[in-house]
There are 2 protein chains.
Amino acid sequence: MNSIICTVDVVLLTLKNSALHVVLLKRDREPFAGELALPGGFIHADEDQDAGDAARRMLLAKAGITSPYLEQLETFTGAKRDPRGWSASIVYYALVPEEVIVQAAHPDVHLVQVDSLSNMPFDHLHIINTAVSRVRNKSTYSSLPVYLVGEKFTLPQLQKVYEAVMGEPINKVSFRRKMDALGMIELTDEYETGKPNRPGQFCRVKEEFRGALSTMGRAFNAG
Amino acid sequence: MNSIICTVDVVLLTLKNSALHVVLLKRDREPFAGELALPGGFIHADEDQDAGDAARRMLLAKAGITSPYLEQLETFTGAKRDPRGWSASIVYYALVPEEVIVQAAHPDVHLVQVDSLSNMPFDHLHIINTAVSRVRNKSTYSSLPVYLVGEKFTLPQLQKVYEAVMGEPINKVSFRRKMDALGMIELTDEYETGKPNRPGQFCRVKEEFRGALSTMGRAFNAG
DNA sequence: ACAATAGTGTCTCTTAGACAATATCGA
DNA sequence: TCGATATTGTCTAAGAGACACTATTGT
């Protein structure tokens with residue numbers, strides 16, 4: 001009566017060389033054995049309390065990563081997306097700084113630039129594109145991109161992250177005003193060093209905003 | 001290996017007496033037989049091409065309704081939300097004018113005001129609240145509420161719909177400017193009649209925007 | 001001192017809300 | 001004509017982008 005194949009997949013995104021990259025793993029079983037695909041797998045009804053737990057478990061088991069930001073993207077369903085039959089994939093997406101992936105140093109992890117993808121197994125290309133669209137859109141009016149930088153960062157660094165994600169420049173003054181208005185960032189007393197110019201002042205996300213998102217009433221415009 | 005119960009539920013919303021209502025049906029089988037719950041059921045792998053098809057099929061079979069706007073809300077999962085075991089419900093939401101429900105005249109349909117709900121089966125209360133939040137939020141920056149009115153409507157009528165959905169007044173001039181800027185509404189040459197005041201001019205959604213959403217760069221403020 | 005980038009002050013322009021004038025209906 | 005509501009014009013205020021000025025570093 002209910003022969004639906006029900007899985008969970010995770011789109012783990014990061015910023016590398018100012019470009020969005022996605023974590024892919026080489027599949028170790030059929031179908032599509034040997035091909036690069038999203039981390040994912042079956043729900044373990046005995047150990048996962050819900051699908052979010054399953055996503056966290058897969059992220060940790062398959063990439064050695066724990067992400068403070070993990071959100072459900074959408075569920076992709078259909079009779080034809082999986083050669084084994086009618087399937088539903090509950091997809092989550094997560095954002096982490098590149099160093100988190102580097103430090104995990106998981107041997108199976110491949111970082112691939114999101115706009116150089118083609119020929120993915122299943123509908124994973126469509127899934128990744130959907131996730132990237134969501135992230136880009138959400139970045140225009142929220143603090144989402146702060147999950148792509150480490151604990152300490154300067155405002156110009158953060159602005160470059162926003163610009164890399166959204167793919168367009170942002171007005172510097174507006175950016176600082178918006179970040180200030182969000183009220184989630186505080187200055188530290190540390191400064192950049194080593195560069196032949198005025199050093200930036202390091203900031204961090206306020207304690208009470210860790211793991212949360214702030215949204216602004218209006219999106220960024222061009223800069 | 002995969003004993004997940006996988007279902008589809010639909011939150012069908014409408015506006016009645018200027019308040020959001022949801023369509024509920026009396027369950028005809030266990031669990032929770034006899035209680036009011038969201039229309040839903042199992043995916044039919046043989047007739048549904050994807051979960052959206054399943055949602056449309058259920059809406060038609062159980063409420064006699066075809067909704068031009070139907071969107072995936074979220075998938076609700078967990079070991080405890082269904083007494084039968086670990087389950088995943090792919091939830092869609094839809095918006096239709098009240099007359100569509102009235103004309104369908106389906107005997108099982110119950111229209112219940114969304115903020116008078118309590119004691120729903122499963123996590124249906126949580127699902128409905130999530131859907132209502134989504135609709136309210138989306139209404140602040142998009143044309144979503146036009147799906148709650150019929151084909152012909154005046155701008156003051158539409159404004160009242162927006163205000164009913166969002167629960168707060170909107171500035172009249174701003175509202176008209178925004179609607180004009182969306183460019184999806186056109187005036188007809190018909191006018192209201194029968195009221196002891198200047199009649200409103202009827203509008204309709206332009207042909208090319210039927211079934212689509214328009215979004216504005218910035219949300220409504222208070223009015 | 002110079003080049004380069006960080007951080008700030010301020011002007012202008014857009015746009016939203018307030019307010020009010022005008023328009024049109026039935027009684 | 002009056003009361004009620006639709007529609008439009010315009011003023012004001014808030015906020016965003018442009019621009020340029022000041023600040024601070026290494027060379």
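Excluded from the calculations below are hydrogen atoms, water molecules and symmetry mates; all remaining heavy atoms, backbone and side chain alike, are included. Letters go in sequence order (proteins before strands), and every chain restarts at 1.
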*Could you tell me the separation between the CG atom of A:Asn197 and the C1' atom of D:dT22, rounded to a whole number of Å?*
15 Å
_Between P on D:dG17 and CD1 on A:Ile170, what's the gap in Å once rounded to a whole number?_
9 Å
*For B:Glu192 and for A:Leu155, locate the closest nucleotide of DNA chain C by heavy-atom distance; then report the residue assigned to the nucleotide nearer the 5' terminus.*
A:Leu155
*For the pair made of NZ in B:Lys178 and C1' in C:dT15, what is the distance, rounded to whole Å?*
9 Å
*Does B:Glu35 pair with B:Lys26 as a salt bridge, N-O distance under 4.0 Å?*
no
_Given D:dA6, C:dA6, C:dT24, identify the nucleotide with an atom nearest to the side chain of A:Arg198._
C:dA6
*So, A:Lys62 and A:Asp108, do they make that salt bridge, N to O below 4.0 Å?*
no
*Within this structure, what is the CE-to-P distance between B:Met216 and C:dA16, rounded to whole angstrom?*
10 Å
*Side chain of B:Arg177, base of C:dG17: donor and acceptor closer than 3.5 Å?*
yes
*Could you work out which one of D:dG9, C:dA6, D:dG26 sits closest to the side chain of B:Val173?*
D:dG9
*Counting only distance, no hydrogens or angles, is the base of D:dT7 paired donor-acceptor with the side chain of B:Lys172 under 3.5 Å?*
yes
_Without decimals, in angstroms, what is the distance between A:Gln157 CD and C:dG7 C1'?_
15 Å
*asked:* Measuring to OP1 and OP2 of D:dT7, would you say a side-chain N or O of B:Arg176 lies under 4.0 angstrom away?
replied: yes
*Which residue, B:Pro196 or B:Pro199, contacts DNA chain D at a nucleotide closer to its 5' end, judged by nearest heavy atom?*
B:Pro196
*Would you say the ring centroid of B:Tyr162 lies under 6.0 angstrom from that of B:Phe175?*
yes
*Taking for each residue the nucleotide of DNA chain C bearing the nearest heavy atom, is the 5' side occupied by A:Tyr191 or by B:Lys195?*
A:Tyr191
*Interatomic distance, B:Asn171 CG vs D:dA13 C1' [rounded to whole Å]*: 13 Å
_Ion pair B:Asp53/B:Arg56, N-O distance below 4.0 Å_ = yes
